[in-house]
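I have placed the structure first, in the form of structure tokens, so that the comments after it can refer back to it.
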Amino acid sequence: MTVGNPLWSDGLAALSPYVPGEQPKIDGLVKLNTNENPFGPSPQVIEAIRAVADDRLRLYPDPSSLALRECLAAYHGVRAEQVFVGNGSDEVLGFLFRALFQRGRPVVFPDITYSFYPVYCRLFDIESKIVPLDDELGVDVEALCEIDPASVAGVILPNPNAPTGRLLAIDQVERLAAHFGDCALVIDEAYVDFGGESAVGLVDSYPNLLVTQTLSKSRSLAGLRVGFAIGDSGLIEALARVKDSFNSYPVDRLASAGAIAAYADEAYFRKTRDAVVTMREQLTADLEARGFTVLPSAANFVLARHASRAGAELAAGLRERRVIVRHFDKPRIGDHLRITIGDESQNAALLAALDELQVGG
Ligand code: PMP
């Protein structure tokens, strides 16, 4: 445990901060470790950012990000009061843990899921109740529905889940929304565009349902830091109260302009998203041909396990060959690799490195 410093506030040394995937400073690495999009953003996004990079930067942006919220509302068929935007969906998630889950009861999430959730729990002093994934690493809806909703503060799940990539069908999401009617159900849809059906269509029927999404993955804008939540205006107001008690202007002028432009270029979005999905299916087949079992993925990454070679050893061997993938030294997935779908040459470099490591068939 970190020893800390006598000047630190209480409990800080005991936190275990989230460890993001490595962002190496070395040129020429094949970077398949943080689920970034292999394609750049739409050229219209770059143009829109350039168009606002002027004297107006001396002015604060709109604290309520109304133009961006209206754009997202129109795109998703909801009202602007049902949309909250933040500095990446990580910030939106952080705000919602404080706004919805800090209520003296545990928040429920799976054993294998986005590793930021337990970090927010410790930061905001929220207990967690872990419901393990089933044997196929799918969300165990039966086990979740056995929980008394009055005994918990809420439930959070990524869909597709991370790092498994597995999708929960929308009727199962609805079943959870109905079961947990008296507490918040948060569906973290960071990867939904790569193969899932969004739960946004359910928010008008379930005032306890909050859906989060990000522009970091399917819109190729991880560097711009924009994420959002859609739900009942009562939940959105809760998020705005936390935001306005922390930072009034999380979305800057450049980010707002770029994000709006991203939604204006639907053709580019579809083209790049479809290309990632095609390459995911190809990579899955290529990995299977080399002795891997690959979980069915609805995301822009796959979780794969080799029949005979340990995950840590393979990750290290790939790194020596300048290919970085993510390995989690954790129970149940310690022998898996999470591999982001790259472009054709990156995927080919990964396969060539695996062939050098003689993973075989
Ligand atoms: N949710 C999940 C499940 C993720 O994997 C990520 C990316 N690390 C995020 C949310 C956060 O993405 P961002 O902050 O870039 O919007």
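Just so you know, these numbers use all the heavy atoms, side chains as well, and skip hydrogens, waters and symmetry mates. All ligand and atom numbering here is 1-based and tracks the order in the structure. This chain uses plain numbering: 1 for the first residue, then up along the sequence.
Closest to atom 12 (O) of ligand 1 among all protein heavy atoms lies S89 OG, 3.3 Å. Protein heavy atom in closest approach to atom 8 (N) of ligand 1: Y114 OH, 3.1 Å. Scanning the protein heavy atoms around atom 11 (C) of ligand 1, the nearest turns out to be D90 OD1, 3.1 Å. Nearest non-hydrogen protein atom to atom 7 (C) of ligand 1 is K217 NZ, 3.3 Å. Nearest protein heavy-atom contact of atom 1 (N) of ligand 1 is D188 OD2, 2.7 Å.
Distance alone, capped at 3.5 Å, is enough to place a donor-acceptor pair between the R253 side chain and the Y60 backbone. At least one donor-acceptor pair closer than 3.5 Å links the side chain of R69 to the backbone N or O of A80.
Set against the non-hydrogen atoms of S216, the atoms of ligand 1 under 4.0 Å away are 13 (P), 15 (O), 16 (O). Proximity to Y191 (heavy-atom distance under 4.0 Å) selects the following atoms of ligand 1: 3 (C), 4 (C), 5 (O), 7 (C). When each atom of ligand 1 is checked for a heavy atom of G88 under 4.0 Å away, the hits are 14 (O), 16 (O).
Ion pairing between a basic and an acidic side chain is recognised when a charged N comes within 4.0 Å of a carboxylate O; R332 and D111 show such pairing. Contact check on E142 versus R175 returns a salt bridge, with a Lys/Arg side-chain nitrogen under 4.0 Å from an Asp/Glu carboxylate oxygen. In this structure, R105 does not pair ionically with E127, as no charged nitrogen and carboxylate oxygen lie closer than 4.0 Å.
Interatomic distance, R326 CZ to L32 CG, rounded to the nearest 0.5 Å: 13.5 Å. Residue L144 holds its CG atom at 6.0 Å from CG of L157, rounded to the nearest 0.5 Å. Taken from CG in L15 to SG in C121, the straight-line distance is 12.0 Å, to the nearest 0.5 Å.
Looking at T34 and E36, their side chains do bring a donor and an acceptor atom within 3.5 Å of each other.
Considering backbone and side-chain N/O atoms, Y117 never comes within less than 3.5 Å of an N/O atom of ligand 1.
Heavy-atom distances between R225 and ligand 1 reach below 4.0 Å in at least one pair. The shell of residues lying under 4.0 angstrom from ligand 1, judged by heavy atoms, excludes G227. Taking a 4.0 Å cut-off on heavy atoms, F116 fails to register as neighbouring ligand 1.
Here E91 has no heavy atoms under 4.0 Å from ligand 1, in either its backbone or its side chain.
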